[in-house]
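Just so you know, ligand 1 is whichever comes first in the structure, and atom 1 is the first atom listed for that ligand. Note that these values count all heavy atoms, side chains included, but never hydrogens, waters or copies made by symmetry.
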Amino acid sequence: MTVISVIIGSTREGRFSEKPANWIFQHLKKRQGVEARLLDLRDFPMPFFDQPLTPAMPGRPAFAHPIVQKWTAAIAQSDGFVFVTPEYNYGPPAVLKNALDWVYPEWHRKAACFVSWGNAGGARAVQQLRENIVELQLTPIRSSVHIPVTTLMAHYTGGDVDAGLAELDVPAAGPMIDDLLWWTAALKTARTSAL
Ligand SMILES: Cc1cc2nc3c(=O)[nH]c(=O)nc-3n(C[C@H](O)[C@H](O)[C@H](O)COP(=O)(O)O)c2cc1C
């Protein structure tokens, strides 16, 4: 079984993010051989990173914080990721960046893609995240889903968010998941080979 985790990148009250997260999660659940998991950062209320040793320090002991340990285990158990992220001031939310920063080897050599939204489809946040995750030795794939601002605004005006997301099923979600699963399989094979 291939484990793909959908990470909900915002935690604020009234957030839009759980709608696209659930939408892409349902798509993943329909794929054969995939165990889809939803990782909500509200369930992982970690402090801002404050440790004397960096996560990348070779041979460091596990961080003691129990929620960080739970988060690290969830990343270790995953083969690939969908980051579902808003754009906050042209970048990803601090809560998501902090969640990235707490973990290091458990992210390595796994594929990741993005679902985002905002005035420019969240593209600026995704661009920053692409650069961040390369340092974590994650592999950002080419495809991503950028939700149109009309669908985001439907969330705030009582409009039909589900209908807006459904328009992205075939042109955006399907190809992105295809691509993610290809890269996830390739990297999983390479990780488990003797190379
Ligand atoms: C602190 C903050 C900064 C924001 N900055 C941007 C931005 O730079 N670009 C943008 O398109 N939207 C921006 N927005 C608007 C968000 O796209 C919108 O609030 C969206 O609903 C956020 O996702 P969420 O509801 O899941 O938190 C910002 C929102 C917040 C709360």
*From atom 4 (C) of ligand 1, work out which of Y88, Y90, W117 has a heavy atom at the shortest distance.*
Y88
*asked:* Under a 4.0 angstrom heavy-atom cut-off, which atoms of ligand 1 come close to S17?
replied: 26 (O)
*Which atoms of ligand 1 sit under 4.0 Å from any heavy atom of L152?*
17 (O), 20 (C), 21 (O)
*Can you name the nearest heavy-atom pair linking A36 to K29, along with the distance?*
CB-CG, 3.9 Å
*Closest non-hydrogen protein atom to atom 19 (O) of ligand 1, residue and atom name please, with distance?*
Y156 OH, 3.0 Å
*Measure across W107 and L138 and return the closest heavy-atom pair with its distance rounded to 0.1 Å.*
O-CD2, 3.3 Å
*Nearest heavy atom to atom 12 (N) of ligand 1 wins, so pick from R124, E87, H155.*
E87
_For G174 versus R31, what's the shortest heavy-atom pair and its separation?_
O-NH2, 3.4 Å
*Which atoms of ligand 1 have any heavy atom of S10 under 4.0 Å away?*
24 (P), 26 (O), 27 (O)
_Contact (N/O only, under 3.5 Å) between G118 and ligand 1_ = no
*Against heavy atoms of N119, which atoms of ligand 1 measure under 4.0 Å?*
10 (C), 11 (O)
*asked:* Need the ligand 1 atom indices (1-based, order shown) with element for anything under 4.0 Å from a heavy-atom of R12.
replied: 21 (O), 24 (P), 25 (O), 27 (O)
*Could an N or O of ligand 1 be found under 3.5 Å from any N or O of N89, whether backbone or side chain?*
yes
*Same hydrophobic cluster for I177 and L165, using side-chain heavy-atom links shorter than 4.5 Å among ILVMFWY?*
yes
_Between F63 and F49, is the ring centroid distance below 6.0 Å?_
yes
*Is it true that L96 and V68 fall in one hydrophobic cluster, defined by side-chain heavy atoms closer than 4.5 Å?*
yes
_Closest contact, heavy atoms only, P92 versus N132_ = CG-OD1, 4.4 Å
